[in-house]
Amino acid sequence: MPQNILVTGGAGYIGSHACKALRSAGYVPVTFDSLTTGWEEAVKFGPFEKGDLMDRARLDEVFARWKPAAVMHFAALSQVGEAMREPGKYWRGNVCASLNLIEAAVAAGCLDFVFSSTCATYGDHDGVMLDEDTPQMPLNSYGASKRAIEDMLRDFGAAHGLRSVIFRYFNVAGADPDGEVGEFHQPETHLIPLMLDAIEGKRAALTVFGTDYPTEDGTCIRDYVHVMDLVEAHVLGLKWLEAGHLAGAGGSRVFCLGTGRGFSVREVIEQSRAVTNREVPIVIGGRRAGDAVKLVSGSERAMAELGWEPRRSTMAQMVGDAWRWHQTGSYAK
Ligand code: UDP
């Protein structure tokens with residue numbers, strides 16, 4: 001019997017790719033999604049349960065119905081700009097909602113948990129290469145809310161035997177090379193899809209948020225990971241838990257998922273011009289509040305302990321896959 005995995009946010013960008021990877025690995029991904037930012041059309045690889053994480057009774061019902069072997073928790077609010085303007089939305093929507101989910105999982109005896117955390121929990125560290133032991137000093141409520149959820153998972157591990165894999169990921173990009181799912185946010189706030197919109201003339205120009213950062217070309221540096229590599233790590237994390245690595249007392253293990261290579265905003269624009277063979281119209285804007293200067297990490301631990309290898313995470317492949325999806329794929333409510 002294939003195992004059911006409860007995937008919160010399975011109708012979203014990363015969650016829908018994770019469902020595809022789970023199904024390919026022989027699991028049944030059960031999507032739990034409120035469709036506030038997700039798309040029902042993106043739920044293609046397993047059953048769909050519409051619901052809100054704030055609704056504990058609904059969660060209990062879903063756990064009882066599907067008896068998932070594990071949870072993959074992607075559902076979250078994830079925009080830095082919005083988090084700066086509306087911190088309450090992030091503390092409630094991320095922390096309170098995740099607390100509900102964790103409590104429901106523990107009550108149902110579902111103790112394997114894979115959590116999508118973020119490099120936004122780190123804040124600025126003078127451009128050093130980040131790793132799992134770098135202190136977390138988030139600059140915005142998005143990062144702070146994710147750090148709080150990491151702490152909750154550790155506490156529930158100690159008290160209730162919850163076993164969690166926490167992935168701190170860097171900037172996710174690209175799309176399913178088969179074109180079944182891709183990135184589609186409304187409104188869009190992320191660099192690469194906004195840039196592709198500008199290339200296609202769907203928006204007048206891409207605004208570069210700040211050219212006065214202490215980096216070589218003055219723009220922020222991020223570490224971009226292909227979404228298919230990222231979700232592959234989640235399946236490996238799940239198998240790592242299944243293999244009994246945190247069995248017994250419960251506990252938590254953090255893995256950074258980066259490539260160790262940072263790209264400045266200007267470099268991303270340059271590479272995209274080369275891949276698409278089209279001009280990228282840009283305007284120079286001011287800094288976006290809450291942005292760290294440089295977020296780059298290696299993934300030695302994930303490679304050594306999970307056997308992860310970011311095979312598709314070249315900028316050319318990420319922009320190429322995103323560009324193909326951009327021209328053919330979208331969802332509608
Ligand atoms: N960025 C930009 N213009 C945009 C959107 C993003 O210059 O319209 C920059 C942003 O300041 C950051 C990088 O691109 O340095 C990646 O931002 P994104 O929002 O894609 O991801 P984040 O790093 O916030 O998770």
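Counting convention: from 1, in listed order, for ligands and their atoms alike.
Formation of a donor-acceptor pair under 3.5 Å by the His160 side chain with backbone atoms of Leu162 is not found in this model. A donor-acceptor pair is defined here as one N or O able to donate and one able to accept, closer than 3.5 Å; such a pair exists between the side chain of Arg287 and the backbone of Asp212. In this structure, Asp178 contributes its side chain and Glu180 its backbone to no donor-acceptor pair below 3.5 Å.
For ligand 1, the atoms sitting less than 4.0 Å from at least one non-hydrogen atom of Cys220 are 15 (O), numbered in the order shown with element in parentheses. Heavy-atom contacts of His190 reach the following atoms of ligand 1: 18 (P), 19 (O), 20 (O), 21 (O) (cutoff under 4.0 Å). Applying the 4.0 Å criterion to heavy atoms of Val208 picks out, from ligand 1, the atoms 7 (O). Using a 4.0 Å cut-off to heavy atoms of Val265, the atoms of ligand 1 that qualify are 7 (O), 9 (C), 14 (O), 15 (O). Shown in contact with Thr189 at under 4.0 Å from a heavy atom are these atoms of ligand 1, numbered in order with element: 5 (C), 19 (O).
Nearest heavy-atom pair across Leu238 and Ala70 is CD1-CB, 3.4 Å. Counting all heavy atoms, side chain and backbone alike, Leu257 lies closest to Ala302 at CD2-CB, 3.8 Å.
The protein heavy-atom contact nearest to atom 21 (O) of ligand 1 is Asn171 ND2, 3.1 Å. Nearest protein neighbour of atom 3 (N) of ligand 1, counting heavy atoms only, is Thr207 O, 2.7 Å. The protein atom (non-hydrogen) at minimum distance from atom 8 (O) of ligand 1 is Leu194 CD1, 3.3 Å. Looking at atom 1 (N) of ligand 1, its nearest protein heavy atom turns out to be Phe209 CD1, 3.6 Å.
When the heavy atoms of Arg288, Lys294, Arg222, Arg203 are ranked by distance to atom 24 (O) of ligand 1, first place goes to Arg288. The option with the heavy atom closest to atom 10 (C) of ligand 1, from among Asp291, Val293, Ile221, is Asp291.
Considering backbone and side-chain N/O atoms, Tyr224 never comes within less than 3.5 Å of an N/O atom of ligand 1. The N/O atoms of Leu206, backbone and side chain alike, include none that comes under 3.5 Å of an N/O atom in ligand 1.
Contact annotation: for Leu191 versus ligand 1, heavy atoms closer than 4.0 Å belong to both the backbone and the side chain. Using a 4.0 Å cut-off between heavy atoms, Ile192 makes no contact with ligand 1 at all.
Taking the six-membered ring for Trp and the full ring otherwise, the centers of Phe255 and Trp240 sit less than 6.0 Å from each other. For His234 and Phe74, the ring centers are positioned less than 6.0 Å apart.
Between Glu270 and Arg273, at least one side-chain N (NZ, or NE/NH1/NH2) sits under 4.0 Å from a carboxylate O, which counts as a salt bridge. Arg312 has no carboxylate O lying under 4.0 Å from a charged side-chain N of Asp321, or vice versa, which leaves the two without a salt bridge.
For the residue pair Thr259/Asp223, the side-chain donor-acceptor check at 3.5 Å is satisfied.
Within the 4.0 Å heavy-atom shell around ligand 1 one does not find Tyr213.
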